[in-house]
Amino acid sequence: MQTVSIDIVSDVVCPWCYLGKARLDQAIANVPDVLVTVNWRPYQLNPDLPPEGIDHKKHLAEKLGGQAAVDRAHDMLSELGNADGIAFDFDAVKVSPNTLDAHRLVRWAATNGQAAQSAVVGLLFKANFEEGRNVGDHAVLLDIAEKAGLDRPVITALLASDADKDAVKEEVGMAREMGVTGVPCFIIERQYAVMGAQSVDVLTNALCEIAEMKASGKPN
């Protein structure tokens, strides 16, 4: 069985990243003969937001150029989400959070293995986009950590500290230096970058082609 590694640069408040995860999960299911390892890497769309976050609807309207533009984007995303099993509830989202602590949690989850990290990422997306919960709130992050099987007292202590804040910021900076200006960005085998929430077919074909290339021994 061939192994293909993917590093996904994303932000937990990016709806396209949520779609990207759902589609990648389907693509992985389409290639049972390929062992796909996934590592989630941090990116911050709004790194300068205060720790407590800001009013989401006002922030988004200013960012996208008015409420009409926001409504059009949400209508399109809702339709796409329905096709991929995501029940976007944009009206429920009240806060645009600073996602630094959420990314710290994703980083710590990796110490429990790939499945734990993927579970935390999925729960963060769901909490933000389907439940309207503030993923910058430590209480929300602790609930997610516990649900994903992490040790709640340990995560409580880590969140109360500055642990890995600089490391996450450094990773975000590295992504920008690499030319990542939008997310999601799928970096396959640390060589091939696939930008955006591509279709399931595109992701499936990419996994198959790279697995076949590795199996044949052809140079990457």
Side-chain angles (χ1 to χ4, degrees), residues 7-22 24 38-64 70 73-74 77 81 86 88-90 92-111 116-148 150 155-156 158-178 180-187 196-197:
D7 289 277
I8 307 175
V9 183
S10 76
D11 198 357
V12 297
V13 292
C14 165
W16 295 102
C17 295
Y18 196 5
L19 285 168
K21 183 182 188 305
L24 178 63
V38 178
N39 296 296
W40 290 87
R41 304 298 186 187
Y43 194 85
Q44 286 195 279
L45 294 170
N46 305 292
D48 298 325
L49 292 183
E52 67 275 12
I54 60 175
D55 181 270
H56 177 69
K57 289 178 172 54
K58 180 180 178 182
H59 171 66
L60 204 57
E62 291 173 350
K63 190 171 185 178
L64 296 185
V70 173
H74 284 173
L77 284 162
I86 297 172
F88 283 116
D89 185 356
F90 294 108
V93 183
K94 307 300 182 187
V95 176
S96 287
N98 186 304
T99 56
L100 177 61
D101 286 341
H103 286 303
R104 289 203 293 157
L105 178 60
V106 172
R107 183 182 181 90
W108 300 328
T111 63
Q117 189 185 49
S118 181
V120 165
V121 171
L123 289 168
L124 285 165
F125 280 133
K126 186 177 181 67
N128 183 69
F129 287 112
E130 298 188 44
E131 300 167 352
R133 302 176 75 191
N134 178 4
V135 293
D137 186 319
H138 284 190
V140 173
L141 295 178
L142 287 170
D143 287 346
I144 288 171
E146 187 171 26
K147 191 170 184 178
L150 306 187
I155 301 301
T156 299
L158 287 170
L159 284 172
S161 74
D162 290 332
D164 289 323
K165 284 185 178 180
D166 288 342
V168 169
K169 291 176 182 178
E170 184 177 349
E171 273 204 71
V172 172
M174 288 174 60
R176 294 185 190 279
E177 288 175 8
M178 288 169 55
V180 177
T181 57
V183 286
C185 176
F186 302 87
I187 303 172

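All figures in this text were calculated on a predicted structure; none of them were measured in a lab.
Between L105 and D101 there is no side-chain heavy-atom pair separated by less than 4.5 Å. With contacts defined as side-chain heavy-atom distances shorter than 4.5 Å, the pair R41/M174 does not qualify. Residues V9 and M178 have side chains not in contact (no heavy-atom distance under 4.5 Å, counting atoms from C-beta outward). Contact of the L19 side chain with the L77 side chain is registered, since non-hydrogen atoms from C-beta on lie closer than 4.5 Å. Side-chain atoms of D89 and E131, non-hydrogen and from C-beta on, never get closer than 4.5 Å to each other. Using a 4.5 Å cut-off on side-chain heavy atoms (C-beta onward), N98 and P51 make no contact.
Within the model, atoms CG of L45 and CH2 of W16 stand 13.5 Å from one another, a figure rounded to the nearest 0.5 Å. In this structure, CG in L123 is found 12.5 Å from CG in N128, a value given to the nearest 0.5 Å. Residue L49 holds its CG atom at 5.0 Å from NE2 of H59, rounded to the nearest 0.5 Å. Distance check: K126 NZ to K147 NZ gives 7.5 Å after rounding to the nearest 0.5 Å. Between the CG atom of L141 and the OG1 atom of T156 there is a distance of 10.5 Å, given to the nearest 0.5 Å. Taken from CD1 in I8 to SG in C185, the straight-line distance is 10.0 Å, to the nearest 0.5 Å.
Using a 3.5 Å distance cut-off with no hydrogens or angles, the side chains of D11 and H103 do pair a donor with an acceptor. Donor-acceptor pairing under 3.5 Å is lacking for the side chains of N134 and E52.
In this structure F125 satisfies the ring-ring contact (aromatic ring centres under 6.0 Å, His included) test together with Y18, sequence neighbours excluded. Residues passing the ring-ring contact (aromatic ring centres under 6.0 Å, His included) test with H74, sequence neighbours excluded: F90.
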Steps toward side chain to side chain contact (heavy atoms under 4.5 Å, CB included) verdict (K58, S96): CA-CA 9 Å; K58 180 180 178 182; S96 287; over 6 Å; no
Could you please spell out the steps behind the side chain to side chain contact (heavy atoms under 4.5 Å, CB included) verdict for R107 and Q117? CA-CA 8 Å; R107 183 182 181 90; Q117 189 185 49; 5.9 Å; no
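Taking both residues in full, the closest heavy atoms of C17 and P184 are given as SG-N, 3.6 Å, listed atom of the first, atom of the second, then distance. Nearest heavy-atom pair, A197 versus G20, reported as atom, atom and distance to 0.1 Å: CB-N, 3.9 Å. Of all the heavy atoms in F186 and G196, the pair that sits closest is CE1-O, 3.3 Å. Closest non-hydrogen pair, Y43 versus R176, comes out as OH-NH1, 2.9 Å. Taking each heavy atom of L158 and S161 in turn, the nearest pair found is O-OG, 2.7 Å. Looking at every heavy atom in both residues, E130 comes nearest to F88 through CG-N, 4.5 Å.
A salt bridge does not link R104 with D164: every distance from a Lys NZ or Arg NE/NH1/NH2 to an Asp or Glu carboxylate oxygen is 4.0 Å or more.
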